[in-house]
Structure formats: structure tokens, C-alpha cells
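One structure below.
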Amino acid sequence: MNRLDTIEQFQTWRQTLNGEIDENRRRLLVCDGTGCRALGSRQILLSLQEAIQRAKLDASIEVVGTGCPGFCECGPLITIYPQRVSYQKVTLEDVSEIVAKSLVGDEVIERLLYHDPQTGASIKNEPDLPFYEKQERIVLDFNGRMDPHSLEEYVSLGGFTALAQVLDSMSPDQVIEQIKAAGLRGRGGAGFPTAIKWRLCRDNVLKEGTGYIICNADEGDPGAFMDRSIMEGNPNTVIEGMTIGAYAMGVNQGYVYIRGEYPLAVDTLKDAIRQANEAGFLGEKILGSDFSFHLDIRLGAGAFVCGEETALMASIEGRIGEPRPRPPYPAQEGLWGKPTNINNVKTWATVPIILRKGAAWYAGIGTENSKGTMIFSVVGNINNTGLVEVPMGITLRELVYDIGGGIPNGKALKAVQIGGPSGGCIPAEHLDVPVDYESLKSLGAIMGSGGMVIADEDTCMVDFARYFMAFTQEESCGKCVPCRVGTKAMLNTLERICAGEGQPGDVEYLEELGEEIKRASLCGLGQTAPNPVLSTIRYFRDEYEAHIVDKTCPAKVCKGLITYSVIPENCTGCMVCMRNCPVEAIQGAKQEVHTIDPDKCTRCGMCMSVCKFDAIMVT
Amino acid sequence: MQVSISEIHEIINKEASGDGSLIAALEEIQARYRYLPPEALILASERLGVPLSQTYAVATFYGAFSLEPKGKICIQVCMGTACHVRGSPQLLDRLETQLGIKAGETTRDQLVSLERVNCLGACALGPIVVTDGDYSGQMTLSKVDRLLKSIAKSEAEA
Amino acid sequence: MIRLTIDGEPIEVQEGRTLLEACREHDIPIPTLCYHPALKPYGACRLCVVELDHPSGSSKLVASCVHPCEEGAVVRTNSEAVKRNRRVTAELLLAGAFDAPEIVALAKGLGVEEPRFRMEESESCVLCGLCVRACDEIVGVRAISLIHRGMAKKVATPFEISSATCIGCGTCVLICPTGRLKLSDVTGYRGVHPWDNTFHRLYCRVCDDEDLRETRLQEATDLIADMEASE
């Protein structure tokens with residue numbers, strides 16, 4: 001397309017686009033995000049396109065690959081517009097039936113609809129699914145509703161109107177005032193007020209004459225994937241947000257620092273940046289104004305610590321990702337020593353929405369001190385794994401049971417871990433706490449990036465803490481002593497406890513070390529690394545004691561403390577476990593009760609997973 | 001895979017004429033050869049004006065870089081929380097025992113490299129095992145065995 | 001001038017000073033390991049932490065070697081929180097370098113005799129980074145760097161073989177606080193360890209310098225030739 005040279009041209013183009021859109025056009029939206037792709041959605045999409053062509057429907061029905069709408073549990077997802085009929089867990093075999101019945105005809109395929117696990121009743125339309133009902137989708141609004149590669153579609157949905165309005169009639173100060181009035185806080189973890197950060201950076205850019213902005217898309221928390229989904233599903237909102245931010249701070253160069261492990265997000269974002277440059281939303285003299293902004297991508301090379309802002313900047317500069325002490329803060333001396341502002345993907349993605357819909361509207365969502373919505377990736381022992389966007393202040397109970405659909409297999413909830421390796425767990429008794437920055441902090445967790453892991457009664461909290469400690473220990477850059485050696489000492493202690501070699505005093509040692517590591521470490525990684533351990537000690541001290549004193553693992557997880565054995569009454573002597581045991585620890589013969597040699601057994605659980613008669617037990 | 005000096009030169013020259021980013025150049029060489037040949041580090045240092053000690057530090061700091069050649073097939077086990085909760089450590093255990101190597105190593109016949117990867121963000125499908133870029137979700141111990149058998153079979157045929 | 005309070009005493013320092021420099025100027029003792037006055041501060045060993053009071057009543061620990069003096073700051077260098085934290089850090093240092101006499105002495109000075117956790121092997125190197133920074137900032141050859149990360153981090157030459165850029169000056173050895181780096185000067189040769197760089201030693205007949213390297217000799221010869229030519 002031709003580059004837009006004035007704001008009027010943009011408005012005209014937008015009106016033309018809107019005029020071309022038929023609200024009742026038939027479209028088939030197929031989730032093409034990483035999650036559904038892993039389930040084969042790409043093949044389904046291609047096969048649907050072929051089938052539609054064969055049925056000569058390609059003139060009237062468009063097949064669109066979209067970003068992730070969030071309901072990963074039920075993927076691959078297909079939604080038929082305009083009725084928004086939602087088909088789930090679609091397979092390649094379903095393609096011809098979908099085309100024949102629902103596209104050629106007007107029939108709904110009952111089998112592919114969502115069925116309420118409790119009542120069994122089917123739900124036809126996407127908005128009526130309980131998974132979406134309690135959500136307030138602002139940032140994720142366009143995700144799953146449009147083709148992420150189509151700039152036109154983003155614009156027709158209202159995209160880049162905020163940028164046009166900013167360039168047309170707002171001063172940088174006015175933009176910052178709007179962000180302040182909206183009460184936006186950084187979505188990357190600590191929740192620092194965004195407007196203060198912007199103001200500080202702007203003041204320094206004015207003094208220095210130059211500066212940078214960065215989008216932190218180095219989403220590394222295990223179990224968090226919302227940043228990836230936004231970039232895959234709606235990359236333009238990040239671009240628009242950053243361009244507005246650059247204007248507000250007087251900056252002409254920006255970088256998106258994105259994880260190399262997200263190839264699809266990288267490609268989608270690259271394509272969007274190329275199109276935005278061509279159309280005049282990026283580059284020199286944006287929309288004919290005097291403002292220029294260039295945006296480039298930098299790939300992370302596999303180091304979790306680069307999510308820390310000073311390490312991230314070192315990495316962009318081509319050095320090892322070692323954090324450095326603050327002050328000076330990035331707003332004072334950042335990338336290549338210049339004033340720099342770093343915000344998370346979600347924060348940037350929220351900016352255009354605030355300006356489009358108004359600061360007062362945004363501030364009306366959420367709680368007194370935590371405005372707006374928050375995106376969580378809900379994973380672990382939960383029925384509806386996926387990505388949800390909810391107003392701040394919603395309770396954990398609503399999140400887990402109403403949206404998440406509760407715990408599978410009738411198990412009881414034990415704890416909700418929030419904030420990944422920097423966060424903490426919240427036990428079942430605090431489920432009615434409203435989710436916001438302050439209340440989570442008071443319970444020993446953090447909002448963090450929004451990773452939420454649901455742990456059921458079969459989860460060993462000591463093992464859980466050990467998992468997170470192993471993660472941070474592995475990812476410690478090794479620069480400062482408390483983090484490098486301290487996390488190793490904590491991990492070593494946890495490993496001993498899990499192996500049944502815990503000693504009295506271990507819990508107190510962990511607490512002492514944890515507190516001092518938090519206070520002494522150089523960067524956020526070390527300063528938060530002990531949190532998962534400290535919070536599990538706070539709420540599940542008895543589990544630690546059971547491991548150390550009674551030498552038992554109540555959840556029957558820790559290998560050093562459990563024994564696998566055969567229940568003679570149930571064993572039919574089918575020899576399946578024998579054949580599958582990788583270490584030949586099972587003896588027996590056909591139709592004779594088998595036995596497990598505890599000395600040979602490596603507690604891999606293979607026998608239990610293959611036994612069809614529930615004849616293996618763990619004690 | 002044969003390392004071509006002229007090809008490495010080309011990659012580095014392309015980067016040098018742009019931003020001159022060391023990490024971007026190494027990323028591209030890694031993507032091409034699946035490891036960083038020593039020649040590449042030396043050339044990158046000279047061409048981009050970075051001391052070799054610095055280049056070597058960068059090459060060993062980041063998890064995406066490898067200084068050892070990788071096997072023909074790369075098996076990755078996701079170690080994200082959701083996969084962990086659903087049993088990925090057992091899968092890794094199994095792969096390590098069956099292949100006789102530890103995560104991060106390559107079998108002696110240079111056929112298979114085994115890696116742990118941080119969260120791939122396909123949490124709903126955990127545990128995830130990725131074989132040469134292909135995701136397999138909801139993996140089990142027996143599916144892992146089948147995967148290894150099929151690799152061995154296709155190798156025997158080839 | 002900046003005015004602040006350290007350990008209850010009002011103190012004035014020049015702008016741009018770190019807390020550690022202010023303390024040293026006023027003879028307030030602070031233990032350090034990765035700090036050297038000739039090098040840029042690094043902030044890695046965390047032994048030099050001090051407690052910085054916030055007006056709200058809370059306080060935090062900061063590494064004094066890198067933290068600037070701020071107007072009106074209230075600093076405590078020897079509070080219980082500081083002592084407790086330094087003890088844990090010293091204990092962790094000792095965990096990895098339990099047979100390095102310097103670290104044992106340093107830990108003892110802070111009240112730590114025996115670490116509750118020990119690494120399997122004593123590495124002697126505490127990754128203070130002094131050698132790497134000295135090689136960069138003072139000598140300017142950057143022959144060594146910190147490679148790998150986390151527990152695997154170590155000081156090494158590229159590819160961990162003898163380095164072509166090392167000039168055998170021995171600065172890294174002199175600055176190493178634990179004795180991990182060593183020089184071996186034997187007749188005719190100098191070795192820098194552990195990276196086994198060896199240098200042929202020449203003898204200067206004028207100044208008696210024993211460590212004149214062949215390349216240096218060439219440089220000096222060239223320099224003299226240049227000077228003569230310009231005259």
C-alpha cells in the first residue's frame with residue numbers, strides 16, 4: 001500500500017475499510033497460535049481451505065488463521081462467524097463434515113461443541129462459554145478475532161486511531177497525563193506506575209537529546225505465555241503502544257527484545273513491523289507529522305536473567321546478560337548510556353486502548369490501587385488450561401472454579417502458585433482474596449508476569465519449591481555471591497530433604513538464607529529467588545517437617561521417600577508392568593502376583609502408568 | 001555438517017554492514033550449523049571488532065549457543081511448570097536412560113542430542129517433547145519409547 | 001558537597017562519591033573483596049553492604065561500592081542487619097573456597113568458622129572479577145573473561161587454551177585475592193596459570209628488567225627507529 005502522508009489520509013483509508021466490511025460476512029476463524037499449532041491446527045487450516053475451494057465456497061467464505069483466543073485446553077479451536085459458533089478439539093477428520101454440514105448447510109455439529117463437564121449440556125456460541133463469561137477482555141480483545149497479519153483488519157477494528165489522535169492533537173505531556181489518570185502500572189512484575197517511569201525518562205531525554213524505549217518480550221517464567229500470545233495474535237497493538245510511548249518520551253528508536261524460543265511470535269511481529277513501516281505508522285515522519293520512530297527486533301539467546309532490565313540492555317548491546325547495580329536507573333543511564341524506558345509487552349499493548357477508550361474508563365476497571373485488567377496463564381492441575389484476562393480484584397476462587405472449571409479428576413485444590421520462580425504460593429484457604437498487587441504481596445506471592453500454576457492435593461510442596469529453586473539456580477548469571485552460591489545452598493538443602501536426608505534445622509537454615517539472599521542480591525532474579533521456598537514454608541511447614549522428621553512425603557512424590565508395591569488382590573499377573581519396567585525390578589510369571597524389588601526400583605512410575613487393574617500402589 | 005568459512009564470512013559481513021550485533025551474528029551461525037564452530041567465533045571477533053575473550057564469554061553465557069556439534073536429531077523436553085507438574089522429569093529420566101546420555105549431551109553416534117528447554121508456552125498440552133521442531137503433546141513414558149523406536153527404525157532404513 | 005549521615009555522624013563528601021569511598025575517606029571500616037580503587041566498581045561480592053534507611057521507616061541493604069552518596073541519606077555500616085547479611089555472604093564465599101587461606105581469614109573476621117554448606121570441591125576462585133577487569137581496564141589487552149554462567153562461571157582465556165593476546169604481564173596474578181592465579185618464573189621462561197601461557201623471557205641490559213618479551217623488544221626497536229627518522 002501507499003504510505004499514509006497525513007492523518008486525513010489515514011481517516012479516509014479507515015472509513016473505506018469500514019465501508020468494505022460486511023458485518024454478516026461468513027468467516028471461519030482457526031486458532032493458529034503456538035498452542036493449537038502443537039495440536040495440528042496448521043494442517044486443519046490448510047485442509048479447510050482446500051475443502052472450501054473444492055466445495056466452491058471460497059468466494060463467500062474466508063478462512064482466517066488467528067492468534068490465540070486463550071482456551072488452549074479445548075484446542076484446536078474453530079469459530080464460525082458471524083454466529084460465532086465455537087468448535088473445539090477439532091481434528092483433521094472433522095474437516096469434511098464441518099464443510100458439508102456447517103458451511104454448505106447451516107447445521108451445527110453437536111459433537112464439536114463445548115459440553116459443560118457437570119451438566120453435559122452443550123454450548124453453541126463462543127461468548128456464552130463459561131471460560132469467557134467472567135473475563136473482561138481488553139488487551140486480548142482482538143486475539144482470536146482477526147488475522148494478525150492483516151494491518152487492514154487491525155485498523156478496521158479501531159487500530160492506530162489512538163496514535164492518530166495523539167499525533168493530531170496531544171502534547172507529549174498530555175499523553176503522560178492520560179496514562180497517569182488511567183492508573184496504569186507496569187505489567188511485567190513489580191507494578192511500578194508507568195506514568196512516573198515515562199515522565200522520568202522524558203525529562204532525561206530532553207536533557208540528553210536522545211534516548212531509547214524497549215519492549216521487554218523476554219517472557220521467561222515457566223508457565224507464562226501471555227506475551228507470546230499477544231505478539232502472535234495482535235502484534236500491532238504493541239507497535240502502536242510503543243510508538244505512542246516514543247512520542248510521549250521524545251524518543252526515535254525502539255527495540256523489542258523477544259525470546260528466541262518464540263519463532264512464531266518473532267515472525268508475526270517482524271511482518272507487522274514491516275507493514276507498519278510501509279503504511280507510515282513507523283519510520284520517518286509518521287502520518288505526516290514531525291515525529292519519527294524506528295522499531296527493531298532483538299532476539300534473546302536463551303538466558304532467563306535477560307528479563308531483568310539491566311541484563312536485557314547489556315544483551316542488546318551485544319554483551320553477556322549480566323545485570324548491573326541500580327542506580328543509575330535505565331531512565332537515567334540505560335541503553336548505550338542513554339535514558340531508556342523499558343516496559344513489558346502487556347503494558348505497551350494496553351497504552352493504545354487507554355487512549356482510545358479514555359483514562360477514566362480504564363481507571364473504572366479494577367480496584368482502588370490496581371487499575372484495569374490482568375492477564376493470567378492458568379496452567380497445572382486445572383480443567384480449563386488457558387489464557388484469561390480478568391479485572392483486577394477478581395477472587396482466586398472465581399478464577400480457578402468459574403473460569404478455570406475447577407480441578408480435574410475430583411481432586412482437591414492445594415495451592416495456587418502465582419508469579420513463577422519469583423512468586424509464591426497461596427494456599428486453598430485464601431482463595432477468596434481479591435487478586436491485586438498489594439493483596440498478593442501481603443500473602444507472600446507477587447503478581448509477576450501472571451503465570452498461575454494450580455497445584456492439587458497430589459502436589460508435594462517441597463518438591464514444588466525445589467523445582468523453582470532448581471530453575472533459578474540454573475538461570476542465575478553467577479555474578480553476585482548470594483545468588484550464585486546462595487541459591488545453590490538452598491537447592492542442595494531442598495534436594496536433601498526430598499531425598500529423605502533432611503536434618504532438624506534445615507527449615508530454619510532455608511529461612512535464614514532466603515531472607516539474606518533477598519536482601520543482598522544484585523538483581524531481581526536473586527532478590528526474588530527464595531520466594532517460592534519461603535512461601536511454601538510459610539503455608540506448608542508441616543510438609544517440610546514430614547519429610548525431615550517422619551521421613552515421609554505426604555503427597556507421595558519424592559522418590560527417596562516412597563516405595564512402589566503390588567496390591568496382590570488386584571494383580572492379575574498380566575506381565576505388562578514387568579515388560580515395561582526399564583530396570584527389570586519386577587518379578588513374576590503369567591497369572592501370578594508380581595513383586596517389585598525396592599532396591600532395583602528407580603521409582604519411575606512406569607508400572608503404575610501401564611497397569612490397567614490399579615494393582616500398583618505407592619506408600 | 002561441513003563448516004564453510006566463506007559462508008560464515010557472508011553471515012558476519014551481512015551483520016557487520018548492518019548493526020554490527022555480535023549476538024545476532026552468532027544466532028545466525030548457530031541456526032545454520034546448530035553449533036558455533038571455533039572459526040566462527042574468531043572471524044566474528046575480528047570482523048566486528050570485539051575482543052575474542054568477549055565473544056567467547058557471550059558464546060558460553062547464552063543457552064541458545066552450543067560449542068559442540070549437535071546430533072542429527074534434536075529431542076527437547078519442556079521443563080516449564082505445567083509440564084513439570086504433568087511429569088516431564090520422568091520423561092527426561094526415561095530419555096536419558098534409554099539414550100545413555102544426560103540432557104545437554106549428544107549420543108556417541110552423533111544421532112541424537114537431548115536438551116531440556118524452558119517453557120515453550122504450550123502448557124495446555126504438557127508434557128511436551130519437541131523432536132526437530134515438531135511438537136508432541138501429552139507425552140507419556142510409552143510414547144517416548146515409541147518415539148525412540150521410530151527414530152532408530154528410520155535411521156536403520158536410511 | 002553532599003551531606004549525609006553515616007553511623008549517626010554527619011558527613012560531607014564530594015558529589016559523585018560512592019558510599020564506600022565516603023566511608024574510606026572517614027576511616028569507617030567496610031569489608032570488601034571485589035573492590036579495588038584502581039578499577040570500576042563491580043558490586044558482585046556483596047560483602048560491602050550497608051543499611052540505607054528510607055524516610056518511611058523501612059530500610060534496605062545496598063552494596064556501598066556502587067551506591068552513590070545521596071543528599072540526606074542515613075546509612076548504617078555496622079547494624080545487626082548488616083552484620084547478619086555479611087556473615088551469610090562470607091559463609092557462602094567459604095562454601096566454595098574453603099581451603100583458600102585468604103577467604104578463611106576473611107570469613108573468620110566476620111565471625112564465620114565453618115560453613116553449613118560446602119561445595120564438593122574448593123575452587124579457590126570466588127569470581128570477584130578483579131583479574132578480568134584489571135586485564136581490561138589497566139592492561140588493556142582483554143585476554144581473559146568470565147565464561148559460562150551460574151555455577152559453571154569461571155575465569156578463562158578463549159577456548160580455555162593458552163591465549164595469543166596475553167602478554168604475560170602478571171597483573172592478574174598480582175591482583176588476585178585468593179592466590180588462584182599464579183606466575184611461574186623460571187630461568188628463561190615465564191608461565192601464567194591456570195591458562196598455561198608461557199613466555200620467553202629476555203633480559204634488558206640497561207634496566208635489568210627480566211621480563212622483556214620479544215615482541216616488546218621489537219616494539220621498542222621500532223619506536224627508536226621512528227624517533228630517529230623524525231629527527
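Only a predicted model underlies this, so the values are computations on that prediction, with no experimental measurement involved. Throughout, protein chains are lettered first and strands after them, A, B, ... in sequence-line order, and every chain is numbered starting at 1.
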K70(B), NZ: over 12 other non-hydrogen atoms inside 6.0 angstrom: yes
message: Counting only heavy atoms not in E457(A) (residues, nucleotides, ligands), do more than 12 fall under 6.0 Å from its CD?
response: yes
query: Any side-chain heavy atom of V50(B) within less than 4.5 Å of one from R319(A)?
result: no
message: Distance check, rounded to the nearest 0.5 Å: F61(B) atom CZ versus C477(A) atom SG?
response: 5.5 Å
task: Look at G260(A), A303(A), G321(A), G302(A) and state which one has the largest set of heavy-atom pairs under 4.5 Å with chain B.
output: G321(A)
- line: Answer key: most heavy-atom pairs under 4.5 Å with chain B among G223(A), A301(A), G300(A) is A301(A)
- prompt: Which region of A57(B), side chain (C-beta onward) or backbone (N, CA, C, O), has a non-hydrogen atom less than 4.5 Å from a non-hydrogen atom of chain A, or is it both or neither?
  reply: both
- prompt: At what distance, to the nearest 0.5 angstrom, does OG1 of T602(A) lie from CG of D93(B)?
  reply: 7.0 Å
message: Whether the T34(A) and Y135(B) side chains hold a donor-acceptor pair (N or O, under 3.5 Å, no angle test) is what I'd like checked.
response: no
field: For G318(A) against V58(B), the heavy-atom pair lying closest together
entry: O-CG2, 3.6 Å
message: To check you understand the geometry: which heavy-atom pair defines the closest contact between C119(B) and A224(A), and what is its length?
response: SG-N, 4.4 Å
query: Any side-chain heavy-atom pair from R94(B) and M606(A) closer than 4.5 angstrom?
result: yes
- prompt: With a 4.5 angstrom heavy-atom cut-off, which part of N118(B) approaches chain A: side chain, backbone, both or neither?
  reply: both
- request: Check each atom of D145(B) against the heavy atoms of chain A and say whether the ones under 4.5 Å are side chain, backbone, both or neither.
  value: side chain
- prompt: To the nearest 0.5 Å, what is the distance between CZ (F468(A)) and NE2 (H84(B))?
  reply: 8.5 Å
message: Please check this pair: side chain of Y467(A) against backbone of M79(B), looking for a donor-acceptor N/O pair closer than 3.5 Å.
response: yes
field: Interchain contact, D296(A) with chain B, by part (heavy-atom threshold 4.5 Å)
entry: neither
field: Inter-residue atom distance R603(A).CZ - Q90(B).CD, 0.5 Å rounding
entry: 13.5 Å
task: Side chain from CB out, backbone as N, CA, C, O: work out which of these in R37(A) comes under 4.5 Å of a heavy atom of chain B, or both, or neither.
output: neither
query: Would one find more than 12 heavy atoms of other residues, nucleotides or ligands at under 6.0 Å from atom NE2 of H9(B)?
result: no
statement: Minimal heavy-atom distance between T81(B) and F464(A), with the atoms involved, is CG2-CE1, 4.2 Å
- prompt: Where does V378(A) contact chain B at under 4.5 Å (heavy atoms): side chain, backbone, both or neither?
  reply: neither
- request: Below 4.5 Å from any heavy atom of chain B, which atoms of E475(A) appear? Answer side chain, backbone, both or neither.
  value: side chain
message: To the closest 0.5 Å, what do you measure between CG (L22(B)) and OG (S315(A))?
response: 10.0 Å
- prompt: Shortest non-hydrogen contact from P222(A) to G80(B)?
  reply: CB-CA, 3.7 Å
message: So for atom NZ, which belongs to K72(B), do other residues, nucleotides or ligands contribute more than 12 heavy atoms lying within a distance under 6.0 Å?
response: no
task: Working to the nearest 0.5 Å, report the span between CD1 of I23(B) and CD1 of I320(A).
output: 10.0 Å
